[in-house]
Amino acid sequence: GYRPILDAAKTFSKDKNCNNQNSNCVSSCNTKLFEISEFKPYDPNLDIPFPQDLMKNEFEEPFFVSSNGISWIEPITVDQLIKLKKKFPDAKLVGGNTEISIEMKFKKADYKTLINISNIKEFRNINIENVDGKKILVIGANITLTDLINQLNKIKNNQEKHCINLFDAFLHNLRYFGSRQVRNFATLAGNIITGSPISDLTPILIANEANLVFLSEEKGLRNIKIRDFYTGYRKNELKSDEILIKIEINLPENNIEIVKAYKQAKRREDDTSIVNSC
């Protein structure tokens, strides 16, 4: 499928030679597909500048736009988000939009209100906390998968050797999680809430008894083990006014506790898994 694309691109290059004399190769034929003089010269003065106010992204109030019966809202703080979730309980939270746009386009999902959380800076960090003598890895749910990789690599070398197993398990499966473009936008919370059976990270969270922490305006914080969170295929215990804010995982306590993660797929890179295990 790439041959026609390469052949078409080749016609724009200075070197149009093609070793393949097959008549199907447009590079080797003498037919001129375009004439340079027919194209208008590029004039940078005609470019429409991006609005400076949007570029600064320094809004004090949620950004709101509505068109064709669909509303798009962008809060910038967690407090704004939980208030919006209470006001619009049926609203769909959008992180990297790597799943929801597919649902809307191909699965005909009808979301009337979308709340974009990608500009909320809270809950993007990773910390190691000591609770009752145990070390707990706390991951902000709004973190992108790329930031998760970077921060795990940054803090793992400061931990005891037996703790590094858990970090390496995450990093192993994250390496083969989608493509780089997807990892740059997709969030850990989105991956958990979507509940896809081909998720590369959920088996790690389940095997290590991860605790999910949710927040709502009326009930405050609520904790639930990820093992108890899923109730069926893409179904879970999430309440309509709740948002997932962080994930807590106990680090291995000694060198006889070992964590390993595996992913089996048809391709090594950028492919949905057949089987995941941890």
Side-chain angles (χ1 to χ4, degrees), residues 81-82 85 88-118 120 123-124 137-149 166 169-170 172-174 176-179 182-216 219 221-249 259 261-265 270-278:
L81 174 58
I82 59 175
K85 201 67 177 76
F88 303 102
D90 296 328
K92 192 71 173 178
L93 297 187
V94 180
N97 204 23
T98 58
E99 180 79 17
I100 293 171
S101 59
I102 294 175
E103 292 178 355
M104 295 179 71
K105 184 173 182 178
F106 298 109
K107 299 180 181 179
K108 308 302 180 185
D110 187 21
Y111 301 129
K112 297 300 183 184
T113 305
L114 300 169
I115 301 177
N116 179 28
I117 63 170
S118 61
I120 298 177
F123 311 126
R124 284 187 184 174
L137 176 65
V138 182
I139 305 175
N142 200 34
I143 193 170
T144 65
L145 300 183
T146 293
D147 286 342
L148 178 58
I149 292 171
L166 177 62
F170 273 111
H172 177 272
N173 278 21
L174 281 166
Y176 305 112
F177 193 121
S179 62
V182 168
R183 293 193 296 268
N184 286 347
F185 280 86
T187 63
L188 180 57
N191 185 243
I192 293 172
I193 299 301
T194 298
S196 171
I198 55 174
S199 169
D200 295 351
L201 300 181
T202 305
I204 303 176
L205 297 174
I206 292 176
N208 289 277
E209 297 288 346
N211 179 59
L212 306 180
V213 182
F214 296 91
L215 177 66
S216 68
K219 299 178 182 178
L221 297 175
R222 181 171 77 102
N223 293 271
I224 183 171
K225 290 288 184 183
I226 191 169
R227 188 180 294 273
D228 303 321
F229 179 62
Y230 296 109
T231 59
Y233 178 74
R234 292 183 182 268
K235 295 180 180 180
N236 56 53
E237 291 284 354
L238 182 69
K239 308 300 181 185
S240 61
D241 62 339
E242 287 182 327
I243 57 171
L244 176 60
I245 62 171
K246 60 183 177 180
I247 299 94
E248 301 172 336
I249 311 165
V259 183
Y262 305 89
K263 172 179 177 175
Q264 181 65 46
D270 193 12
D271 195 9
T272 55
S273 57
I274 299 170
V275 176
N276 282 319
S277 62
C278 181

Worksheet item: Between Thr146 and Asn184, does any side-chain donor sit less than 3.5 Å from a side-chain acceptor?
Response: yes

Does [X] reach the main-chain N or O of [Y] with its side chain, forming a donor-acceptor pair under 3.5 Å?
X	Y	answer
Arg227	Ile206	yes
Asn276	Ser199	yes
Asn211	Asn223	no

Worksheet entry | Qualifying residue for side chain to side chain donor-acceptor pair (under 3.5 Å) with Glu242, from Lys219, Arg222, Lys85 | Arg222

Practice prompt. Evaluate the criterion side chain to side chain contact (heavy atoms under 4.5 Å, CB included) for residue pair Ser196 and Arg234; output intermediate values, then yes/no.
Written response: CA-CA 6 Å; Ser196 171; Arg234 292 183 182 268; 3.8 Å; yes

Worksheet item: Are Asp110 and Lys108 close enough, and set up right, to give a salt bridge (charged side-chain N to carboxylate O under 4.0 Å, His left out), and what steps lead you there?
Response: CA-CA 6 Å; Asp110 187 21; Lys108 308 302 180 185; over 6 Å; no

Exercise: identify the closest heavy-atom pair between [X] and [Y]:
X	Y	result
Asp200	Asn173	O-ND2, 2.8 Å
Ile247	Leu188	CD1-CD2, 3.6 Å
Ile100	Leu114	CG2-CD2, 4.3 Å
Ser118	Gly95	CB-O, 3.8 Å
Glu237	Asp228	CG-O, 3.8 Å
Gly96	Thr187	N-CG2, 4.4 Å

Euclidean distance, [Y] [atom2] relative to [X] [atom1], rounded to 0.5 Å:
X	Y	atom1	atom2	answer
Leu81	Ile120	CG	CD1	4.5 Å
Thr272	Lys263	OG1	NZ	7.0 Å
Phe214	Ile193	CZ	CD1	4.5 Å
Ile245	Leu212	CD1	CG	11.0 Å
Asp147	Ile139	CG	CD1	12.5 Å
Leu174	Leu201	CG	CG	5.0 Å

Worksheet item: Considering only heavy atoms from C-beta outward, does the side chain of Leu221 approach that of Val213 to under 4.5 Å?
Response: yes

Worksheet item: Counting only heavy atoms not in Phe185, do more than 12 fall under 6.0 Å of its CZ?
Response: no

Practice prompt. Test side chain to side chain contact (heavy atoms under 4.5 Å, CB included) on Asn191 and Phe177 and set out the steps.
Written response: CA-CA 11 Å; Asn191 185 243; Phe177 193 121; 3.3 Å; yes

